[in-house]
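Beneath this line is the structure, given in structure tokens, with notes to follow.
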Amino acid sequence: MPNAQMDSANKPLSSDGRTYHVETRPGEVANRIVTVGDPQRARIMAQQLDSIVFEHSSHRGFLTITGLYRNVPLSIVAIGMGLSMMDFFVRETRMVVDGPLSIVRFGSCGSICDARVGDVIVADAAFGINRNYDYFDSGAGTPYRLSSLEPGDGPLTELLAGGMAAVGPVVRGAVGNADSFYGSQGRTGDDFYDANDGLVAWVREQVPGAVALEMESHMLFHLARVSTGRLNDRRPSVRAGCALLVFADRTGNSFISPEMSTRMVIAATKAVFDALVADSK
Ligand code: R1P
Ligand code: URA
């Protein structure tokens with residue numbers, strides 16, 4: 001792919017029709033997609049597909065696995081971490097899949113509520129937490145900025161919450177999508193000046209329903225809302241939901257073990273797949 005011929009600067013495609021970063025083309029990605037950060041999580045989940053018909057690892061670190069689950073085509077796409085990776089994934093996938101897209105993010109998060117390590121968070125909405133660079137330059141404004149709430153798709157969120165109840169305690173609320181694992185999630189240290197003492201408490205005060213912090217959900221919900229090409233019932237063409245496992249307990253100060261995280265992913269996979277398959281188009 002790096003040497004491929006690009007057919008335009010606006011939507012670069014290889015000579016065989018693959019998108020520049022995710023490297024998929026029509027026919028390789030299903031309308032129902034689970035997106036995760038970690039490629040290892042994608043491979044563990046893929047073991048619960050009934051069959052696998054396509055698998056591709058791109059030169060930019062995106063892994064796409066497409067198969068059948070209960071006779072329904074379903075893709076799992078591992079995207080790595082952060083807002084830009086979610087943006088690449090959603091936009092480039094939209095370029096190669098016709099018709100409605102249902103996307104569920106199944107990720108990990110830090111809990112800023114009563115949810116403990118191993119519990120499940122289902123995002124009713126997401127909001128951005130972004131570093132305000134001007135504050136660090138001239139002291140203007142506050143060090144971090146919060147965006148307003150962006151809701152997930154209602155029916156998909158209910159399906160996810162219903163299925164996840166069999167996996168463990170489920171907490172619902174708003175998820176803060178930070179632009180860093182460190183500064184804008186309130187992790188402190190001496191190496192950098194981040195002006196983030198008390199950030200978690202400030203976020204909870206500003207956003208009363210805030211329950212967790214992670215790094216992609218708001219971008220996903222935002223792109224779903226602004227997706228064009230409305231369906232007949234006036235829903236947007238991309239609909240999105242998000243379920244997260246609590247890996248870090250930011251109030252109790254503990255972090256999940258690798259064994260427990262694998263166990264939780266295996267236990268939650270069917271609930272995620274079932275929600276996507278039950279979701280009406
Ligand atoms: C940070 O460790 C990563 O974990 C979370 C964050 O959003 C960030 O991507 O999600 P994933 O486990 O899906 O990667
Ligand atoms: N992912 C995050 O972004 N933050 C956490 O604390 C845990 C997982």
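It should be emphasised that the depicted structure is a prediction, and the values quoted were computed from it without experimental measurement. Whatever order the structure lists them in is the order used to number ligands and atoms, beginning at 1.
- Applying the side chain to side chain donor-acceptor pair (under 3.5 Å) test to pairs two or more places apart or on separate chains, those with a residue in residues 193-207 are Arg131-Asp194.
- In this structure, of Glu216, Met86, Met85, the residue bringing a heavy atom nearest to atom 6 (C) of ligand 1 is Glu216.
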Could you go through ligand 2 and list every pair where one of its N or O atoms sits under 3.5 Å from a protein N or O, giving the atom names and the distance to one decimal?
from: ligand 2; atom 1: 3 (O); to: Gln185; atom 2: NE2; distance (Å): 2.9
from: ligand 2; atom 1: 4 (N); to: Gln185; atom 2: OE1; distance (Å): 2.8
from: ligand 2; atom 1: 6 (O); to: Arg187; atom 2: NH1; distance (Å): 3.4
from: ligand 2; atom 1: 6 (O); to: Arg187; atom 2: NH2; distance (Å): 2.7

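- Here the heavy atom of the protein found nearest to atom 14 (O) of ligand 1 is Gly37 CA, 3.4 Å.
- The ring-ring contact (aromatic ring centres under 6.0 Å, His included) test applied to Phe273 returns Tyr69, not counting sequence neighbours.
- Residues that satisfy the ring-ring contact (aromatic ring centres under 6.0 Å, His included) test with Phe247, not counting sequence neighbours, are absent from this structure.
- The aromatic rings of Phe88 and His21 are tilted relative to each other, their planes meeting at an angle between 30° and 60°.
- In terms of protein heavy-atom proximity, atom 4 (O) of ligand 1 is closest to Ser108 OG, 3.2 Å.
- A continuous path of hydrophobic side-chain contacts links Val170 to Met260 [ILVMFWY only; heavy atoms under 4.5 Å].
- With respect to Arg43 and Glu55, a salt bridge is recorded, a charged nitrogen being found less than 4.0 Å from a carboxylate O.
- Those atoms of ligand 1 that come under 4.0 Å of a heavy atom in Phe181, given as number and element, are 1 (C), 2 (O).
- Side-chain contact annotation: Asp179 with Ser184, donor-acceptor N/O pair under 3.5 Å present.
- Residues Asp16 and Arg25 are paired through a salt bridge, judged by an N-O separation under 4.0 Å between the basic side chain and the carboxylate.
- The closest non-hydrogen atom to atom 10 (O) of ligand 1, taken over Met215, Gln185, Arg105, comes from Arg105.
- Of all atoms in ligand 1, numbered sequentially from 1 with element shown, those under 4.0 Å from a heavy atom of Glu214 are 7 (O).
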*Thr19 and Glu92: side-chain hydrogen bond (donor to acceptor under 3.5 Å, both in side chains), yes or no, with the steps?*
CA-CA 6 Å; Thr19 56; Glu92 293 193 6; 3.1 Å; yes
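- Under a 4.0 Å N-O distance rule, the pair Arg18/Glu28 qualifies as a salt bridge.
- Within the listing of ligand 1, atoms 13 (O) sit less than 4.0 angstrom from a heavy atom of Gly107.
- Regarding atom 3 (C) of ligand 1, its nearest protein heavy-atom neighbour is Met81 SD, 3.7 Å.
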